[in-house]
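Along the sequence shown, the residues carry numbers beginning at 1.
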Amino acid sequence: MATPWDDLSLLLDSPGSLSVPSRGTVKDKSGFNAGEDAAALRKAIEGIGTTEKTLIDILTQRSSAQRQQICKAYKDATGKSLVDALEGDTHGHFEDILVALVTPLAQFDMQEIKRAIKGAGTTEKTLIEILASRSNQQIKALSDAYLQDTGRALTYDLKSEVSGDFGKTLLILAEGKRDENKNVDAAQAKADAKALYEAGEKKWGTDEDKFIDILCHRSVPQLRQTLVEYKNLSGKTLQQSIESEMSGNTEEVLVAVVKCVKSVPVYMAELLRKSMKGAGTNEAMLTRIMVSRSEIDLMDIKAEYKKLYGRSLYSDIKSETSGDYQKTLLGLCGADD
């Protein structure tokens with residue numbers, strides 16, 4: 001079955017995927033007043049019975065920067081952090097998403113990574129999702145937050161949790177050293193495509209190092225050219241080759257990198273679908289993607305979701321979640337399309 005990943009025809013003209021576009025559903029609110037919002041939240045939390053609607057309306061309709069100003073105003077007025085107030089007054093997935101909304105993005109990414117490393121058994125999927133899809137500056141910001149929070153470098157902690165080619169790939173991604181040059185060197189792309197072909201399809205046994213090195217260091221425009229050259233050379237897409245040559249977490253992380261080079265919004269749309277499909281919803285993933293992409297590219301993710309699945313993201317959220325958690329997600333999602 002053909003997937004959106006097999007078609008490379010428009011690849012070279014589409015906008016760069018790891019640069020940070022502002023195609024979010026959540027924007028700065030005009031006429032914003034942090035003090036007023038903080039007072040309204042305080043009333044909603046401290047009154048008899050929490051007024052969930054107020055919490056949802058305010059926190060999903062302000063930008064992340066504005067939410068940080070509200071946190072400051074709340075603390076100034078009450079002496080208590082808004083996170084603590086929310087944690088004391090809401091619960092379950094609703095609490096998780098509200099707390100995520102009032103956490104600065106780099107901090108939120110950092111907490112998710114910390115949780116993924118720390119729990120019983122490392123949650124590889126979370127590490128892959130975050131490290132493959134973030135830009136250098138986002139990775140640098142989350143690494144700084146990690147160091148500040150734990151007193152250790154993120155790469156230091158990762159080293160003790162992940163190993164082999166998978167570990168190697170994550171460590172390089174976590175350094176956030178992808179080349180950012182926008183110019184494409186066509187000869188280099190041809191040479192890289194040939195090197196990848198010879199390291200995989202053409203060889204008995206695969207030279208993973210070659211894949212890791214090229215896929216984690218080259219710029220997005222350069223890699224897109226390489227993907228086109230690779231398909232011309234081998235007749236298969238690089239993703240198909242990785243899927244047939246590798247397995248396990250190494251395969252999964254390198255495929256994620258290739259997908260994010262092609263289109264972060266399509267990659268995120270796929271993950272959103274995965275988070276809601278099958279038995280039980282993966283709320284942690286659903287919350288993470290909706291919150292972290294809401295100011296970056298959620299409009300594009302919605303469009304890709306519709307194209308891929310023939311249904312709107314809005315309607316799937318509506319049918320797969322419920323209560324205040326659902327209302328918060330829909331607030332971030334913006335209008336149904």
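- When side chains are defined from C-beta on, Lys114 counts as touching Met110, because their heavy atoms get closer than 4.5 Å.
- A 4.5 Å side-chain heavy-atom check between Cys260 and Val257 finds every atom pair outside the cut-off.
- With hydrogens and angles ignored, the 3.5 Å screen pairs a side-chain donor or acceptor of Thr25 with a backbone N or O of Leu332.
- The structure places CG of Leu98 at 6.0 Å from CG of Leu59, a figure rounded to the nearest 0.5 Å.
- The shortest non-hydrogen separation linking Lys194 to Leu233 is CA-CD2, 3.6 Å.
- Looking at Arg23 and Ile296, their side chains never come closer than 4.5 Å, going by heavy atoms from C-beta outward.
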- Message: For Glu180 and Asn136: C-alpha separation, side-chain torsions, deciding distance, then whether side-chain hydrogen bond (donor to acceptor under 3.5 Å, both in side chains) applies.
- Response: CA-CA 9 Å; Glu180 291 189 333; Asn136 283 352; 3.2 Å; yes

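- Taking the charged nitrogens against the carboxylate oxygens, Arg218 and Asp179 have no contact shorter than 4.0 Å, which rules out a salt bridge.
- The structure places CZ of Arg152 at 10.0 Å from CG of Leu147, a figure rounded to the nearest 0.5 Å.
- Rounding to the nearest 0.5 Å gives a distance of 9.5 Å between NZ of Lys327 and OG of Ser322.
- Between Tyr230 and Tyr197, the two ring planes are perpendicular [angle over 60°; tilted spans 30° to 60°].
- Remark: Arg273 is positioned above the aromatic ring of Tyr309, its terminal NZ or CZ atom under 6.0 angstrom from the ring centre and at most 45 degrees off the axis.
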- Message: Set out, in order, the CA-CA distance, both residues' side-chain angles and the distance that settles side chain to side chain contact (heavy atoms under 4.5 Å, CB included) for Leu272 and Ile317, then state yes or no.
- Response: CA-CA 9 Å; Leu272 282 170; Ile317 289 173; over 6 Å; no

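- Tested against Leu313, the residues Leu298, Leu329, Leu330 include a single side-chain contact (heavy atoms from CB on, under 4.5 Å) partner, Leu298.
- For the pair Leu41 and Ile70, the tightest heavy-atom approach, listed with the atom from each and the gap, is CD1-CG2, 3.5 Å.
- The two residues Leu154 and Ser143 make their nearest non-hydrogen contact at CD2-OG, 4.0 Å.
- Residue Leu196 comes nearest to Leu238 through the heavy atom pair CD1-CD2, 3.9 Å, listed as atom of the first residue, atom of the second, then distance.
- Under a 3.5 Å cut-off, the side chain of Ser160 and the backbone N or O of Asp157 do form a donor-acceptor pair.
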- Task: Evaluate side-chain hydrogen bond (donor to acceptor under 3.5 Å, both in side chains) for Asp37 paired with Tyr74, printing each intermediate quantity in order.
- Result: CA-CA 9 Å; Asp37 281 347; Tyr74 193 93; over 6 Å; no

- Message: For Ile139 and Ser135: C-alpha separation, side-chain torsions, deciding distance, then whether side chain to side chain contact (heavy atoms under 4.5 Å, CB included) applies.
- Response: CA-CA 6 Å; Ile139 286 178; Ser135 65; over 6 Å; no

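- Using modelled atom types, no side-chain atom of Asp324 and backbone atom of Glu52 make a donor-acceptor pair closer than 3.5 Å.
- Looking only at distances, no side-chain donor or acceptor of Ser234 sits under 3.5 Å from a matching main-chain atom of Lys231.
- Of the charged side-chain nitrogens involved, at least one lies within less than 4.0 Å of a carboxylate oxygen, so that Arg293 and Asp297 count as a salt-bridged pair.
- Distance check, rounded to the nearest 0.5 Å: CG of Asp337 to OG of Ser312 gives 5.5 Å.
- Look at Glu129 and Arg288 and you find a salt bridge, because one of the NZ, NE, NH1 or NH2 atoms lies within 4.0 Å of a carboxylate O, short of that distance.
- In this structure, the side chains of Ser275 and Leu271 stay at 4.5 Å or more apart for every pair of heavy atoms.
- Between the side chains of Asp192 and Gln188, a donor-acceptor pair is found at a separation under 3.5 Å.
- Residues Gln66 and Asn33 form no side-chain contact, since every pair of their non-hydrogen atoms from C-beta on lies 4.5 Å or further apart.
- Environment of NZ in Lys27: crowded, with over 12 heavy atoms of neighbouring residues, nucleotides or ligands closer than 6.0 Å.
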- Task: Show your working on side chain to side chain contact (heavy atoms under 4.5 Å, CB included) between Leu55 and Asp89 and close with a plain yes or no.
- Result: CA-CA 11 Å; Leu55 302 182; Asp89 217 61; 5.8 Å; no

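- Residue Ile56 comes nearest to Phe94 through the heavy atom pair CG1-CE1, 3.7 Å, listed as atom of the first residue, atom of the second, then distance.
- Thr51 places no side-chain N or O within donor-acceptor distance of the main-chain N or O of Thr54, the cut-off being under 3.5 Å.
- Side chains of Glu175 and Leu171 form no contact here, defined as non-hydrogen atoms less than 4.5 Å apart.
- Shown are Lys262, Lys259, Lys307, Lys277; of these, the salt bridge (Lys or Arg N to Asp or Glu O under 4.0 Å) with Glu270 is made only by Lys259.
- If you take CZ on Arg62 and CG on Asp57, they are separated by 8.5 Å, rounding to the nearest 0.5 Å.
- Ion pair Arg67/Glu295 flagged as a salt bridge, since at least one NZ, NE, NH1 or NH2 atom sits closer than 4.0 Å to an Asp/Glu carboxylate oxygen.
- Thr123 contributes no side-chain N or O that, together with a main-chain N or O of Thr126, makes up a donor-acceptor pair within less than 3.5 Å.
- Between Ala34 and Ala73, the shortest heavy-atom distance links the atoms O-CB, 3.9 Å.
- Looking only at distances, no side-chain donor or acceptor of Glu251 sits under 3.5 Å from a matching main-chain atom of Ile242.
- Around NZ of Lys236, the count of heavy atoms belonging to other residues, nucleotides or ligands within 6.0 Å exceeds 12.
- Between the side chain of Thr78 and the backbone N or O of Lys80 there is at least one donor-acceptor pair closer than 3.5 Å.
- With a 4.5 Å cut-off on side-chain heavy atoms, Met276 and Leu286 count as touching.
- Ion pairing between Asp209 and Lys168 holds under the 4.0 Å rule for side-chain N and carboxylate O.
- When hydrophobic clusters are built by joining Ile, Leu, Val, Met, Phe, Trp and Tyr residues whose side-chain heavy atoms come closer than 4.5 Å, directly or via intermediates, Met290 is not grouped with Met299.
- Asp96 and Thr287 form no side-chain donor-acceptor contact under 3.5 Å, judged by distance and modelled atom types alone.
- Using modelled atom types, one finds a donor on one side chain and an acceptor on the other under 3.5 Å when comparing Asp28 with Ser63.
- With hydrogens and angles disregarded, no donor-acceptor distance shorter than 3.5 Å links the side chain of Glu95 to the backbone of Leu86.
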- Query: Would Gln225 and Lys190 satisfy side chain to side chain contact (heavy atoms under 4.5 Å, CB included), going step by step from the backbone distance to the final call?
  - Reply: CA-CA 8 Å; Gln225 185 70 45; Lys190 274 197 162 70; over 6 Å; no

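- Shown here is Gln148, whose CD atom has no more than 12 heavy atoms of other residues, nucleotides or ligands within 6.0 Å.
- With hydrogens and angles ignored, the 3.5 Å screen pairs a side-chain donor or acceptor of Ser319 with a backbone N or O of Asp316.
- One finds the CG atom of Leu127 at 9.0 Å from the CD atom of Glu161 (value rounded to the nearest 0.5 Å).
- Neither side chain, Glu229 nor Thr226, offers a donor N or O lying under 3.5 Å from an acceptor on the other.
- Residues Ile301 and Tyr314 share a hydrophobic cluster, clusters being chains of Ile/Leu/Val/Met/Phe/Trp/Tyr side chains in contact below 4.5 Å.
- For the pair Thr90/Ile45, no side-chain contact is recorded, criterion being any heavy-atom separation below 4.5 Å from C-beta on.
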